[in-house]
Amino acid sequence: MTVPTTPTTGRRALLGAALAAATAGLTGGCRPARRAVQVAVVWSGTELARFREVVRRYPGQVDVVSARNDIDAFLSVRFRTASQPDVAIMPQIGLITDYARRDWLAPTAPTVAARFAAPWNDLLTVDGVQFGAWVKAAHKSLLWYAPDLLEGPAPATWDEFTAVVRRLAARGHPAPLAIGAADGWVLTDWLENLLAAAATRAEYTGLVDGTVRWDTGAVRTALTRLAVVWGVPGAFADGAGRALLTQQDESVVQVVAERRAAMVLEGDFVASVAEDFRRAGTAPLATARFPAVAGVQPLLVAGDAAVVLGASTAGQELVDWLTGPEPFRSWIGTGGYLSPNLTIPADAYGDGLTAVLAGELRAATGTLRFDLSDQLRGSMGGPDGLGIWKILQDFFATVTSPGTTVDDAVVRTCRHLVRAAAQSRREGRP
């Protein structure tokens, strides 16, 4: 894979010549002035503040620009005006595939790739070449629960989980489950965990690249399992209609503070919300793995990968530094950070839950699957109100309505998914 030769390379050549001319008169005792390395991120709030704290220790100046939710639109405009940043940190690996095939990205240095297990590098490999390196990850196969409300051990299998939901729903208050169904990505996480267990790696990947249809047996099986649990009367705090208005953070509050539900299924990032809202004197939420399905323990992950745009040497140097063992120690210390980076010492995470989860990410077991909706492109991947997010919200509303037949709901939803995937392909982004 080669980098573009026009007009971007010509612009870099002119910039390089100008820089050489500007620094030619400096003597050996003076350090040449260097422009800031620009990094585009999607983070905001606390995550953005913590990343800026990380790069303050970089030996050169780093300019961090938040593109918020639509980094694709931001970067596309910057490329059209030949003003792209040196590095972008991206949560959607589908975009990385797209950009690599447009020759917008530089390949990853072998020394950087060696810092991660092969399955993580495979996720960033396009047509045999790796583009990007992981700087942050999320573990999305977790069950969080209040032990006193659950009144028993955490369910280890999906059948046990279904039985617990039915038992607690029959009891009445509190409800067995809280769910942030207003955030469509939460519903996709439930589906993706079940797909990680029911589908082969090839089938799972095929749903992204269009070689596997969305009405395949694995999809139907996963949707059926969801419909059975979601359709239990009284499964959700304040009812399914309220769940569709509930965002992810609020669903955690329903368990840890309001105690109107016993369990919530989501990733490691639940911990920070739960701790912020936990009542004084009450026990923290307990954690278990997402229930095993037919003997398979899913490991659904997400993450943010740093890519070098164009042929930026400054960008390559920054990515090399970011993927070393030390830069993110401050973020690890304050919480809310996981990475599959093998060079970060295991003891950096301490000996609690974060260390266990980081160990699972580093081990990269055979069931590891990357968040599906973060790989889907175009309208199929969202955002809210579009694609798989909206389809699953409609599915949730349907299967929680009285008188709904599970089989009919699954067939109808598969039909919508197939149509959405076809529309995405017509947009040129499978």
What distance do [X] atom [atom1] and [Y] atom [atom2] have between them, rounded to the nearest 0.5 Å?
{"X": "Thr97", "Y": "Arg102", "atom1": "OG1", "atom2": "CZ", "answer": "11.5 Å"}
{"X": "Phe290", "Y": "Glu192", "atom1": "CZ", "atom2": "CD", "answer": "10.5 Å"}
{"X": "Leu357", "Y": "Tyr349", "atom1": "CG", "atom2": "OH", "answer": "10.5 Å"}
{"X": "Thr413", "Y": "Asp215", "atom1": "OG1", "atom2": "CG", "answer": "12.0 Å"}
{"X": "Glu203", "Y": "Leu195", "atom1": "CD", "atom2": "CG", "answer": "9.5 Å"}
{"X": "Asp189", "Y": "Gln248", "atom1": "CG", "atom2": "CD", "answer": "8.5 Å"}

Write down the atom of [X], the atom of [Y], and the distance for their closest heavy-atom approach.
{"X": "Gly324", "Y": "Asn341", "value": "O-ND2, 3.8 Å"}
{"X": "Pro291", "Y": "Trp158", "value": "CB-N, 3.6 Å"}
{"X": "Ser251", "Y": "Ala178", "value": "O-CB, 3.3 Å"}
{"X": "Gly132", "Y": "Val307", "value": "CA-CG1, 3.8 Å"}
{"X": "Ala196", "Y": "Val296", "value": "O-CG1, 4.5 Å"}
{"X": "Gln254", "Y": "Ala237", "value": "OE1-CB, 3.8 Å"}

Got [X] and [Y] here, is their nearest side-chain heavy-atom distance under 4.5 Å?
{"X": "Val418", "Y": "Arg415", "answer": "no"}
{"X": "Val208", "Y": "Leu372", "answer": "yes"}
{"X": "Tyr145", "Y": "Pro176", "answer": "no"}
{"X": "Trp214", "Y": "Leu207", "answer": "yes"}
{"X": "Leu318", "Y": "Asp86", "answer": "no"}
{"X": "Val39", "Y": "Leu322", "answer": "no"}
{"X": "Leu392", "Y": "Trp190", "answer": "no"}
{"X": "Thr354", "Y": "Leu338", "answer": "yes"}

Side-chain ([X]) to main-chain ([Y]) donor-acceptor, under 3.5 angstrom:
{"X": "Ser66", "Y": "Trp43", "value": "yes"}
{"X": "Asp183", "Y": "Trp185", "value": "no"}
{"X": "Thr224", "Y": "Arg220", "value": "yes"}
{"X": "Gln393", "Y": "Leu244", "value": "no"}
{"X": "Thr216", "Y": "Val219", "value": "no"}
{"X": "Arg289", "Y": "Pro298", "value": "yes"}
{"X": "Glu250", "Y": "Thr246", "value": "no"}
{"X": "Thr125", "Y": "Asn121", "value": "yes"}

Set of side-chain hydrogen bond (donor to acceptor under 3.5 Å, both in side chains) partners for [X], sequence neighbours left out:
{"X": "Gln38", "result": "Asp63, Arg78"}
{"X": "Arg225", "result": "none"}
{"X": "Arg329", "result": "Glu326"}
{"X": "Ser44", "result": "none"}

For [X], give me all partners under ring-ring contact (aromatic ring centres under 6.0 Å, His included), at least two apart in sequence or on another chain.
{"X": "Tyr337", "result": "Phe328, Trp331"}
{"X": "Phe370", "result": "Trp134"}
{"X": "Tyr99", "result": "Trp104"}

Next item on the list: May I have all residue pairs that pass salt bridge (charged side-chain N to carboxylate O under 4.0 Å, His left out) and include part of residues 294-304, sequence neighbours excluded?
Entry: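 Listed by first then second residue: nothing to list.
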Item checked: salt bridge (charged side-chain N to carboxylate O under 4.0 Å, His left out) partners of residues 106-119, not counting sequence neighbours, each pair once ->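 Applying salt bridge (charged side-chain N to carboxylate O under 4.0 Å, His left out) to every pair that reaches into residues 106-119, excluding sequence neighbours, yields Arg115-Asp320.
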Next item on the list: Give the intermediate values and the outcome of side chain to side chain contact (heavy atoms under 4.5 Å, CB included) for residues Trp144 and Thr287.
Entry: CA-CA 5 Å; Trp144 300 81; Thr287 314; 3.2 Å; yes
Next item on the list: Verify side chain to side chain contact (heavy atoms under 4.5 Å, CB included) between Val410 and Val399, making sure each step is shown before the conclusion.
Entry: CA-CA 9 Å; Val410 169; Val399 300; over 6 Å; no
Item checked: side chain to side chain contact (heavy atoms under 4.5 Å, CB included) between Leu285 and Glu275, intermediate numbers included -> CA-CA 9 Å; Leu285 295 184; Glu275 202 53 33; over 6 Å; no
Notebook entry, point to check: Can we say Arg50 and Glu53 salt-bridge, meaning some charged N sits less than 4.0 Å from an Asp/Glu carboxylate O?
Noted result: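 So Arg50 does not pair with Glu53 through a salt bridge.
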Check: Does a salt bridge link Arg201 with Asp122, judged by any charged N lying under 4.0 Å from a carboxylate O?
Finding: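 The answer is no: the pair does not qualify as a salt bridge.
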Check: What residue pairs, at least two apart or across chains, pass side-chain hydrogen bond (donor to acceptor under 3.5 Å, both in side chains) with a residue in residues 361-371?
Finding: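 The answer is Lys140-Asp371, Thr365-Thr367, Asp371-Ser373.
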Item checked: Side-chain donor-acceptor contact under 3.5 Å, Thr157 with Asp159 ->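 Looking only at side-chain atoms, Asp159 and Thr157 do not form any donor-acceptor pair under 3.5 Å.
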Check: Does a side chain donor of either Arg412 or Thr398 reach within less than 3.5 Å of an acceptor in the other side chain?
Finding: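 Not at all, the side chains of Arg412 and Thr398 share no donor-acceptor pair under 3.5 Å.
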Check: What residues, two or more places apart in sequence or in another chain, satisfy side chain to side chain contact (heavy atoms under 4.5 Å, CB included) together with Ala109?
Finding: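 Ala109: side chain to side chain contact (heavy atoms under 4.5 Å, CB included) contacts with Thr111, Val112.
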In residues 261-273, what donor-acceptor pairs under 3.5 Å come from side-chain atoms, sequence neighbours left out?
| unit_1 | atom_1 | unit_2 | atom_2 | d |
| --- | --- | --- | --- | --- |
| Asp268 | OD1 | His139 | N | 2.7 |
| Ser272 | OG | Phe269 | O | 3.2 |

Notebook entry, point to check: Is there a side chain to side chain contact (heavy atoms under 4.5 Å, CB included) between Leu223 and Leu191 once you walk through the steps?
Noted result: CA-CA 7 Å; Leu223 287 172; Leu191 175 64; 4.0 Å; yes
